[in-house]
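A, B, ... follow the sequence lines: proteins, then strands. Residue 1 opens every chain.
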Amino acid sequence: MNRIGTDKVVEMIISACDSIIASKDYLTEVDSSIGDGDHGIGMSGGMLKAKEELTAKTPFEDINTVFKTAGMAMINSMGGASGVIFGSLFLGGIKKMDRITELDGNKFTVMMRKALEAVKDRGKAEVGDKTMVDALEPAVLAMEALDDKSDLKTVLKTASDAAGKGVEDSKKYIAKFGKAQYLGERAVGFQDAGATSVSIIFKAMYEYL
Amino acid sequence: MNRIGTDKVVEMIISACDSIIASKDYLTEVDSSIGDGDHGIGMSGGMLKAKEELTAKTPFEDINTVFKTAGMAMINSMGGASGVIFGSLFLGGIKKMDRITELDGNKFTVMMRKALEAVKDRGKAEVGDKTMVDALEPAVLAMEALDDKSDLKTVLKTASDAAGKGVEDSKKYIAKFGKAQYLGERAVGFQDAGATSVSIIFKAMYEYL
Amino acid sequence: MKKIINKDSSIVDEMLSGYLSAYSRYYEPVNSNNSFTYKKRRKNKVSIVIGGGSGHEPLFSGFAGQGLADAVVCGNIFAAPNPQLIFETARAVDEGKGVLFIYGNYAGDNMNFDMAEELCDMEDIKTAHVRVWDDCASASKERYDSRRGVAGDVFVIKAAGAAADSGLSLEEVIRITEKTRDNINTIGLATSPGSIPGLNKPTFELGEDEIEFGMGLHGEPGIERTKMQDAGKLVERMYKELMTEMGLSSGDEVAVLVNGLGSTTLLELNIVYHELDKHIKSDGLIVHDSEIKSYCTCQEMGGFSITILKLDDEIKKYYNAPCFSPYYARGEIK
Amino acid sequence: MKKIINKDSSIVDEMLSGYLSAYSRYYEPVNSNNSFTYKKRRKNKVSIVIGGGSGHEPLFSGFAGQGLADAVVCGNIFAAPNPQLIFETARAVDEGKGVLFIYGNYAGDNMNFDMAEELCDMEDIKTAHVRVWDDCASASKERYDSRRGVAGDVFVIKAAGAAADSGLSLEEVIRITEKTRDNINTIGLATSPGSIPGLNKPTFELGEDEIEFGMGLHGEPGIERTKMQDAGKLVERMYKELMTEMGLSSGDEVAVLVNGLGSTTLLELNIVYHELDKHIKSDGLIVHDSEIKSYCTCQEMGGFSITILKLDDEIKKYYNAPCFSPYYARGEIK
Ligand SMILES: Nc1ncnc2c1ncn2[C@@H]1O[C@H](COP(=O)(O)OP(=O)(O)O)[C@@H](O)[C@H]1O
Ligand SMILES: Nc1ncnc2c1ncn2[C@@H]1O[C@H](COP(=O)(O)OP(=O)(O)O)[C@@H](O)[C@H]1O
Ligand SMILES: [Mg+2]
Ligand SMILES: [Mg+2]
Ligand SMILES: [Mg+2]
Ligand SMILES: [Mg+2]
């Protein structure tokens, strides 16, 4: 699918919410091995809230508001590190962006680049610090590397694959943030919970299309 | 042995102390099933103190002081129900008694009668209330029932046997005192901890002679 | 059961030694660590001495202080203190106005405190006692005087301390203390056993999915054993028991204490109060004061108790008086 | 693990609803139960707002009151509160003198409070923050600013509350609060895990006969895992760690807190102090004040922590100021 309108963007994000909600126990499991085991609770709670608000407020007059609604819902219901971080993932892209009612691959790529900057700005994490940036940054780079970014579906497929690989890579790293940082070498071999969420989100968006 | 002097009385009581100390875990076990499980700790602690004081203060100039020393040591080291009750067992007998330096069966029988009254006075328990009185009273009655109470050894054997039977009987009763009272019917089938101590004490005294 | 202790035989002495060094600005021992007095106690008044077996901290050791007890006597784990120690403690704080002993209604405590009063009598120290028997699950209403004393101790000590500080006679302090005692009821619930430190043995057995209503602090059996249920269901049942016992009606003023028995978390105790509050409000009871604390525990026992004190103007006056100890402090309530 | 709760999703809301109804005479909620203000707070002063994840009760919810925080913001279990809620709470207590946020140094808290400060900034509410990082087992001395905040929170909140109440400027309150924070170190020890309520899952695994030095409140791994030992041995090791860190010497004045992590009994904590006291005395440290409490917990986690605050005359002045909340009350210390 080349491009989608506001209503479809709402549906796409809601399908990402559903996918996270369905992964609650899995994410908790992942966070338990090197974190405090609440990532599944936090993410599913936030996504549930986002879905509620999107469903209640739809139809939206532009895509900016859709992302803003989702991001705010997450930040203000989740709390925790992931609330801010994943909120910024949705809010960062639309900052200072003109109203749009159609989303194509080019726009999405630009938005995710800005989202990545916002997340890094907020959390000060770089690739290799064993955070969701390990999945988000490769995804953004892969999208940007495409010669033709016009097709949203292709772009999302690229992001989803790169994020999935990023999750694998996150296993190699020592954590510098969150509760896993205190594990040092002992964190190696375990994937990062937030990175896992990022790849679940991209994958779900892609599969929606 | 017909009669014994002050030093032998000290040794006799110390042997009773040793026997209780050796039974610590057993008494705890018994108290656990229907009480709060501390009878073994309390009794062994008290008997240890009694033994210490008897050993330290020996020789004594009369038997009254020997019993007084043992009784006070128990009361003031044990606390709990058993501290007072078993203290009274040793103190009650010598109340208002003339100085004696020899103990025979007759005197011992009289002392234990007075001890029994003191215990009942303090604790208000009767036979059948599932307390140490279930062992002490039959022991006293049995001693009193003897035609010839002169021989201390015979008297102690009689007391020991009767107390042992009293412990068995205590299994039949519902408790009216101590922490077992709240069990009602559920206490039936279990012997009383304090009664068990009484029979251990008499048995040890008898075996010492 | 990992317990942070040293030699078994010195557990109580080391515990109290630690307590008395940490809070030496408030307390000084009487002969042994097992008994201590509140340094800044008011003079020339009726003296309040409390005590009982150890292992239920912060009761009794934490309740000597301003507007509370003048001295505490502690026994071994779950065992009443001995008469000699109780006597020496009473003598240490006696001001010639009489000494009032307050303790839980247990065979061991009754006998040892009775004997202590005889020792006091021999030295012409005027004494009296009030036995706390608030646990309405431990015996029928008719046999109220064989009921056990549990978390209700706190309210009784509070009232007695305030009454004594206000300079009343021994007779008056007794009257107010007994009146307060007779307006208190408590019902408990156990989810898991405590253990006797050093003995490493649970005080009772309870199935992984079971709880017991009315179980005593030392594992004395309660009124009903059931499967674990929602907090709402548990509290509803306990509230009903208390209402049947106390027969409170709309407009009655009460003080409420939700007490943790040891390892039950404040999070859970708060949820208990959340449920309790619904019933109290729908019955129109007026809550003058309420607390969520772990005052009367049994080591790491799991569960909680609910205590209700029915107030009248006189009790309220002494209840409201400010008081302070390391474990029980209250300012004026407006 | 039997937890006295209802629906998982409402655990935190019901807990705080219970807390706020029990202590309604002190607190009133700001929009949701997750944030509340102290009713009788002094006006016309710097406002102190504290907060963090829930599940560590009585921190943070129990530390708003006279001479303490003006408001508390509570997140979900072990998760920082959200920026909007923090912002609304700050706005509710702002007196135009600035709002100081005090919280533990965790990624989640840092980010949410930072974002909240941006929201405050947009409404011209002057703000600042002090992050507590007292746990010296959680990172090397060089990386002090990635250390975790644990029981030391209490002393920091105490000093900040007193400084604010005394009418100082925001800059001065910050200076005193940071100075206090920088004079505090804590070391903990875990004997058994807590659990996330509703999730029914231990926060970490520890062998039946094992303990871990320096383990974090959420099971963050510590500095050494060993077999269970006597209280004396455990305390000696922890005291050594603190001394190496703080380099205290004879004559230094300190305030000491022995803090229970949840299910560890007061009996055990008192024995810990008994051991600690020996070292403190033999090193000639002067104990200005000491406490044995469970302030900073992690559900039914077993274990304890030792916190030492090195005092100077200025810190002492604010430390000594009386304060009151349902869980933290102190009178003047003479
Ligand atoms: N500074 C940071 N930058 C980016 N992502 C972060 C940062 N800190 C934490 N995260 C992400 O948040 C995830 C943890 O989220 P969660 O468990 O919900 O919050 P908490 O760590 O407060 O328990 C980590 O797996 C990591 O991906
Ligand atoms: N009123 C009483 N009269 C006589 N013996 C009693 C009385 N109350 C308790 N006992 C005895 O004390 C024993 C319990 O002693 P112990 O366990 O050491 O004290 P506690 O009951 O305080 O734990 C009981 O088994 C019983 O024999
Ligand atoms: Mg987490
Ligand atoms: Mg017993
Ligand atoms: Mg006992
Ligand atoms: Mg968390």
Side-chain angles (χ1 to χ4, degrees), chain C residues 2-6 11-12 14-19 21-23 25 54-55 57-58 62 66 191-192 197 208-209 211 228 230-232 234 256 258 262-277 289-293 297 299-300 302-304 324 326 329-331 333-334, chain D residues 2-6 11-12 14-19 21-23 25 54-55 57-58 62 66 191-192 197 208-209 211 228 230-232 234 256 258 262-277 289-293 297 299-300 302-304 324 326 329-331 333-334:
Chain C
K2 275 172 272 187
K3 283 265 190 183
I4 298 154
I5 54 177
N6 298 306
I11 286 174
V12 170
E14 290 180 353
M15 161 182 75
L16 290 165
S17 147
Y19 183 67
S21 7
Y23 295 107
R25 61 195 182 281
S54 292
E57 290 67 35
Q66 183 211 319
T191 57
S192 60
E208 191 33 69
D209 60 342
I211 60 108
M228 182 61 179
D230 278 358
L234 299 174
V256 182
V258 170
S263 60
T264 294
T265 62
L266 267 177
L267 177 141
E268 294 164 281
L269 300 176
N270 282 317
I271 290 176
V272 165
Y273 195 89
H274 164 76
E275 293 297 334
L276 186 60
D277 193 58
D289 187 42
S290 40
E291 284 231 65
I292 303 169
K293 295 282 168 72
T297 69
Q299 295 304 295
E300 61 288 333
F304 66 93
F324 185 89
R330 59 185 315 107
I333 300 163
K334 304 237 167 19
Chain D
K2 274 171 275 188
K3 282 267 191 181
I4 298 155
I5 53 176
N6 297 308
I11 285 174
V12 170
E14 290 181 355
M15 162 182 75
L16 291 166
S17 146
Y19 184 67
S21 16
Y23 295 105
R25 61 194 181 283
S54 292
E57 292 67 33
Q66 183 211 321
T191 58
S192 60
E208 191 33 71
D209 61 342
I211 59 107
M228 181 62 179
D230 277 358
L234 299 175
V256 182
V258 170
S263 61
T264 295
T265 62
L266 266 177
L267 177 142
E268 295 164 279
L269 301 176
N270 282 317
I271 290 177
V272 165
Y273 196 90
H274 164 75
E275 292 297 335
L276 186 60
D277 194 58
D289 186 43
S290 40
E291 284 231 67
I292 303 169
K293 294 285 168 73
T297 69
Q299 295 302 298
E300 60 288 333
F304 66 93
F324 185 90
R330 59 185 315 111
I333 300 164
K334 306 226 169 24

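Legend: residues meeting side-chain contact (heavy atoms from CB on, under 4.5 Å) with C/S17, ordered by chain and number and at least two apart, are C/S21, C/N33, D/H274. For C/E275, the salt bridge (Lys or Arg N to Asp or Glu O under 4.0 Å) partners are C/K278, not counting sequence neighbours.
Results of the side chain to side chain contact (heavy atoms under 4.5 Å, CB included) test with C/E268 over D/K3, D/E57, D/K2 single out D/K3 as the only residue that passes.
Only the side chain of C/T265 comes within contact range of chain D, with heavy atoms under 4.5 Å apart. Only the side chain of C/T264 has a heavy atom closer than 4.5 Å to any heavy atom of chain D. Residue contact with chain D, scored on non-hydrogen atoms closer than 4.5 Å, involves the side chain of C/P197 exclusively.
C/N6 and D/A231 get closest at one heavy-atom pair: OD1-N, 3.1 Å. Across all their heavy atoms, C/K293 and D/Y23 have their closest contact at CE-OH, 4.0 Å. Closest of all the heavy-atom pairs between D/R330 and C/F324 is CA-CE1, 3.9 Å. The minimum heavy-atom distance between C/A22 and D/S290, with the atom names listed, is O-OG, 2.5 Å.
You'll find the side chain of C/M228 reaches within 4.5 Å of the side chain of D/I4, heavy atoms only.
Interface check for chain C: of the options D/V258, D/N270, D/V272, the most heavy-atom pairs under 4.5 Å are formed by D/N270. For the set D/I292, D/I11, D/I211, D/T191, the count of heavy-atom pairs under 4.5 angstrom toward chain C peaks at D/I292.
Remark: C/I5 CD1 to D/L267 CG distance equals 8.0 Å, nearest 0.5 Å. Rounding to the nearest 0.5 Å gives a distance of 9.0 Å between CG of C/L266 and OH of D/Y19.
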